[in-house]
Enquirer: 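Supplied in structure tokens, the structure appears directly below.
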Amino acid sequence: MIIINWICAGLIILVLLVWLYRMVINVRLQLIKPPRDASTTFQRKLDYVKQMQQTKHVSALLFITFCLAVGSFLTTYSLFQVQDQLYAVNEQNSTLRDDVQVMKKEQKKLINKLPVKEYPQEGIGLQDYAWAELFSDDSREKQYAMESDLSNKLSPYFGLPTTLIVLDIPTQTLNIALAGELTSDNNRKQIKDNIKAFAAEAEKIANLTQITFQLNVRDGEKQKQDYSCTFSRENGEDKFVMIQEED
């Protein structure tokens, strides 16, 4: 490809040089004006020279046309080569994307086969958060920081890649949404047990009166609700009771 580019550049330079040389000769001949008293022999010689140069002009024009034709052919060939290379690269990229998608699916399957961790008996430290400050302060940044940190802590015990937590201060409700691929029956049972264990630890948070869980799984291309439950209590001193469950 580089050689073809250099050949095309050389042909362009050669064409310009030939054209410039013939133009110089043509201008010089045009500037020659025979004197009035010039002999017939001189006039014939001048006409002969002009005719010879005109013939050379035609030959030069044919040469220039030939060089341009060769350059156009090489340029077209180079464009076809580039197009073929781009097509091959696009095919490789498409294959790589497919391979990456397959690897992601296999990775998700492997993750789903891993056992979900049992919720620790000592809890995950829910009381360490400044709940009273969160419920009395309207700072959305502090609330978001707590939700994000709590999501990271709970992920190992719910076994799904996405754990979304939203604290609804007006209703004193903690909403937890889980999303991911279909998991095994054993993991599903462990997740339910961990949900109950989390609700038990949350009883120490006096500001909370309700906790909702929603488990969404992807089966192929469809997202569906696989499990949901709601825990509620009258005040901060009572224990949470499951008032709703959809399995």
Enquirer: Yes or no on side-chain contact (heavy atoms from CB on, under 4.5 Å) for F231 and T212, after CA distance, side-chain angles and deciding distance?
Expert: CA-CA 6 Å; F231 294 86; T212 66; over 6 Å; no

Enquirer: Identify the heavy atoms of I211 and A199 that sit nearest to each other, and give their distance.
Expert: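 The pair with the smallest heavy-atom distance is CD1-CA, 4.2 Å.
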
Enquirer: Give a yes or no on this: more than 12 heavy atoms of other residues, nucleotides or ligands lie within 6.0 Å of atom NZ of K153.
Expert: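 Counting other residues, nucleotides and ligands, NZ of K153 exceeds 12 neighbours.
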
Enquirer: So if I apply the side chain to side chain contact (heavy atoms under 4.5 Å, CB included) rule between F158 and each of V116, N187, N194, which one comes out positive?
Expert: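 Considering V116, N187, N194, a side chain to side chain contact (heavy atoms under 4.5 Å, CB included) with F158 is found only for N194.
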
Enquirer: Is the backbone N or O of T55 less than 3.5 Å from a side-chain atom of S59, with the two atoms forming a donor-acceptor pair by type?
Expert: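 Yes, because the side chain of S59 sits within donor-acceptor range (under 3.5 Å) of the backbone of T55.
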
Enquirer: Evaluate whether atom CD of Q244 has more than 12 neighbouring non-hydrogen atoms of other residues, nucleotides or ligands under 6.0 angstrom away.
Expert: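 Yes, because the 6.0 Å sphere around CD of Q244 holds more than 12 heavy atoms from other groups.
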
Enquirer: For Y227 and E246, run side-chain contact (heavy atoms from CB on, under 4.5 Å): C-alpha distance rounded to whole Å, both residues' side-chain angles, the deciding distance at 0.1 Å, then the answer.
Expert: CA-CA 6 Å; Y227 176 77; E246 293 182 7; over 6 Å; no

Enquirer: Can you name the closest pair of heavy atoms from A132 and N207 and give their distance?
Expert: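 A132 and N207 have their closest heavy atoms at N-OD1, 4.0 Å.
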
Enquirer: Determine whether C229 and I195 make a side-chain contact, defined as any pair of heavy atoms from C-beta on separated by less than 4.5 Å.
Expert: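 Of all side-chain heavy-atom pairs linking I195 with C229, at least one is under 4.5 Å.
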
Enquirer: Group every Ile, Leu, Val, Met, Phe, Trp and Tyr by side-chain heavy-atom contacts under 4.5 Å, then state whether L16 and F66 land in the same group.
Expert: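 L16 does not cluster with F66.
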
Enquirer: Considering non-hydrogen atoms only, spot the tightest contact between Q210 and S232 and give its length.
Expert: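 Residues Q210 and S232, closest heavy atoms: OE1-OG, 4.0 Å.
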
Enquirer: With hydrophobic residues grouped by side-chain heavy-atom distances under 4.5 Å, do I169 and M146 end up in a single group?
Expert: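 Cluster IDs for I169 and M146 match.
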
Enquirer: With the side chain counted from C-beta on, respond yes when Q127 and I205 share a heavy-atom pair under 4.5 Å apart, and no when they do not.
Expert: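 Yes, at least one pair of side-chain atoms sits under 4.5 Å.
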
Enquirer: How long is the gap from CG on L79 to OH on Y77, to the nearest 0.5 Å?
Expert: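 It comes to 12.0 Å.
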
Enquirer: Linking I/L/V/M/F/W/Y whenever their side-chain heavy atoms sit closer than 4.5 Å, directly or via other members, would F213 and V166 fall into one cluster?
Expert: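 Different clusters: F213 never reaches V166 through Ile, Leu, Val, Met, Phe, Trp or Tyr contacts under 4.5 Å.
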
Enquirer: Where the side chain of R233 meets the backbone of D238, is there a donor-acceptor pair that is under 3.5 Å apart?
Expert: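 Side chain of R233 to backbone of D238: a pair is present.
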
Enquirer: Would you find more than 12 non-hydrogen atoms of other residues, nucleotides or ligands less than 6.0 Å from E118 atom CD?
Expert: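 Atom CD in E118 is not crowded, with 12 or fewer foreign heavy atoms closer than 6.0 Å.
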
Enquirer: Any sub-3.5 Å donor-acceptor pair from R188's side-chain atoms to D226's backbone N or O?
Expert: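 Looks like yes, one N/O pair under 3.5 Å.
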
Enquirer: Any donor-acceptor pair under 3.5 Å linking the side chain of S148 with the backbone of Y144?
Expert: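 No, S148 side chain to Y144 backbone: no donor-acceptor pair under 3.5 Å.
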
Enquirer: Checking Y157 now: which residues fulfil ring-ring contact (aromatic ring centres under 6.0 Å, His included) with it, not counting sequence neighbours?
Expert: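 Partners of Y157 under the ring-ring contact (aromatic ring centres under 6.0 Å, His included) test: Y119.
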
Enquirer: Would you indicate whether the side-chain heavy atoms of W131 and L134 approach each other to under 4.5 Å?
Expert: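 L134 reaches W131 side chain to side chain.
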
Enquirer: What about L68 and V70, same hydrophobic cluster or not, with Ile/Leu/Val/Met/Phe/Trp/Tyr joined at side-chain heavy-atom distances under 4.5 Å?
Expert: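 No, separate clusters.
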
Enquirer: Mark yes or no for whether Q143, through its side chain, and L167, through its backbone, hold a donor-acceptor pair below 3.5 Å.
Expert: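 The answer is yes, because a donor-acceptor pair under 3.5 Å joins these two groups.
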
Enquirer: Evaluate the side-chain proximity of N216 to L178: yes if any heavy-atom separation is below 4.5 Å, no if none is.
Expert: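 No, every pair of side-chain atoms sits at 4.5 Å or beyond.
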
Enquirer: Determine whether N175 and D168 make a side-chain contact, defined as any pair of heavy atoms from C-beta on separated by less than 4.5 Å.
Expert: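 They are in side-chain contact.
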
Enquirer: Distance check, rounded to the nearest 0.5 Å: H57 atom NE2 versus M23 atom CE?
Expert: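 Answer rounded to 0.5 Å: 8.5 Å.
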
Enquirer: Let me confirm one number: the CG-CG distance from D128 to D149, rounded to the nearest 0.5 Å.
Expert: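 It comes to 10.0 Å.
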
Enquirer: Are side-chain heavy atoms of F198 and L174 found at a separation under 4.5 Å?
Expert: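 Side-chain contact under 4.5 Å: yes.
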
Enquirer: Honestly curious: do M242 and L208 fall in one hydrophobic cluster under the side-chain, below-4.5 Å linking rule?
Expert: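 Yes, it is one cluster - the side chains of M242 and L208 are joined through contacts under 4.5 Å.
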
Enquirer: Got a donor-acceptor contact below 3.5 angstrom from the E201 side chain to the I124 backbone?
Expert: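 Checking the backbone N and O of I124 against the side chain of E201, a donor-acceptor pair under 3.5 Å is found.
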
Enquirer: Where the side chain of N90 meets the backbone of L86, is there a donor-acceptor pair that is under 3.5 Å apart?
Expert: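 Yes: the side chain of N90 pairs with the backbone of L86.
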
Enquirer: Look at atom OH of Y129 and say whether more than 12 heavy atoms of other residues, nucleotides or ligands are closer to it than 6.0 Å.
Expert: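 Above 12, so yes.
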
Enquirer: Judged by atom type as modelled, is there a donor-acceptor pair below 3.5 Å linking the side chain of W19 to the main-chain atoms of I64?
Expert: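 A pair under 3.5 Å: no.
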
Enquirer: Measure the shortest side-chain to side-chain distance between Q172 and F135 over non-hydrogen atoms and say whether it is less than 4.5 angstrom.
Expert: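 Result yes, sub-4.5 Å side-chain heavy-atom pair found.
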
Enquirer: Given 3.5 Å as the limit, does a donor-acceptor pair link the side chain of S78 with the main chain of L74, or not?
Expert: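 No.
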
Enquirer: Say whether, by atom type as modelled, one donor and one acceptor occur between the side chain of R22 and the main chain of L17 under 3.5 angstrom.
Expert: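 Here the side-chain-to-backbone pair does not exist.
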
Enquirer: For the residue pair I176 and Q214, establish whether any side-chain heavy-atom pair is separated by less than 4.5 Å.
Expert: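 No - every pair of side-chain heavy atoms lies 4.5 Å or more apart.
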
